[in-house]
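Working notes, beginning with the structure itself.
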Amino acid sequence: MTHDKEYWEKRYADDLTGWDTGAATPPIKNYIDQLTNKDISILVPGCGNAWEAEYIYTSGFKNVFLLDIAEAPLKNFQARMPEFPAHQLVQADFFKYSGAFDLIIEQTFFCALSPSLRQAYAEQCHALLRKGGKLVGVLFNDELNKDKPPYGGSKEEYIDYFSPLFNINVFETCYNSIPPRAGRELFISLTKK
């Protein structure tokens with residue numbers, strides 16, 4: 001099962017982290033660069049090695065929480081960023097986590113989850129956001145795999161999950177994806193209804 005701690009711990013132990021770009025990707029960086037309120041609370045679920053979170057934190061946003069079901073990526077991040085507050089590194093199951101955030105950043109977590117969990121993902125993001133909070137990030141607009149992560153899908157399918165719970169601000173093909181993902185990513189900016 002791809003939604004369990006052991007599966008992901010093994011992926012990190014075996015260095016099977018092909019999704020890891022080693023840096024924050026342009027769509028997330030550009031979005032963060034437009035934000036002016038550095039006091040907002042931000043959650044990065046399924047954070048992995050958290051390159052986006054590192055960029056967010058070093059850009060002056062100190063109320064950033066990283067969440068992952070596996071311990072290994074959180075330890076990797078802590079070793080790389082020892083100044084990051086340890087209490088903001090959370091090892092937990094996203095679907096059992098509770099909190100209240102202004103912004104959730106989506107970067108390769110959605111595609112790592114079995115498609116059977118996508119509706120629950122949308123509902124949990126909605127539950128974790130404060131009124132008017134935003135879910136922002138990238139989703140693959142590509143079929144990819146049906147039997148293992150990364151799981152693909154289409155814009156039309158995704159909108160069905162999110163539109164009952166969120167107002168759609170942007171749901172378009174990324175213009176600034178990294179080359180291997182060019183034309184295959186959707187940038188999303190959704191506001192909690």
When rounded to the nearest 0.5 Å, the distance separating OG of S189 from CZ of F171 is 10.5 Å

Gap separating the CG atom of L89 from the CD atom of Q78, nearest 0.5 angstrom:
5.5 Å

Can you name the closest pair of heavy atoms from [X] and [Y] and give their distance?
X    : Y    : value
R118 : G153 : NH1-CA, 4.3 Å
P45  : F94  : CB-CD1, 3.6 Å
P27  : F187 : O-CE1, 3.8 Å
I104 : C125 : CD1-O, 3.7 Å
E52  : T25  : OE2-N, 3.0 Å

Donor-acceptor contact present, side-chain [X] to main-chain [Y], <3.5 Å:
X    : Y    : answer
D68  : Q91  : no
E54  : A50  : no
N141 : K155 : yes
E185 : Y175 : no
K38  : G60  : no

Around atom NZ of K193, are there more than 12 heavy atoms of other residues, nucleotides or ligands at under 6.0 Å?
yes

For the residue pair [Y] / [X], report whether a side-chain donor-acceptor contact shorter than 3.5 Å exists.
X    : Y    : value
E106 : Y121 : yes
N169 : T191 : yes
N63  : Y57  : no

Evaluate the ring planes of F101 and Y97, with Trp represented by its six-membered ring, and classify them as parallel (under 30°), tilted (30 to 60°) or perpendicular (over 60°).
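The rings of F101 and Y97 lie parallel, inter-plane angle below 30°.
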
Sequence neighbours left out, what passes side-chain contact (heavy atoms from CB on, under 4.5 Å) with D39? Give chain and number order.
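With neighbours one apart ignored, the set is N37.
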
Would you check, one step at a time, whether the test side chain to side chain contact (heavy atoms under 4.5 Å, CB included) holds for I40 with L35?
CA-CA 10 Å; I40 61 171; L35 299 178; 4.1 Å; yes

Only one of K29, Q107, R80 clears side-chain contact (heavy atoms from CB on, under 4.5 Å) with W51; which?
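For W51, the side-chain contact (heavy atoms from CB on, under 4.5 Å) check succeeds only for R80.
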
Do F140 and F110 make the cut of ring centroids closer than 6.0 angstrom?
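No: the rings miss the under 6.0 Å criterion.
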
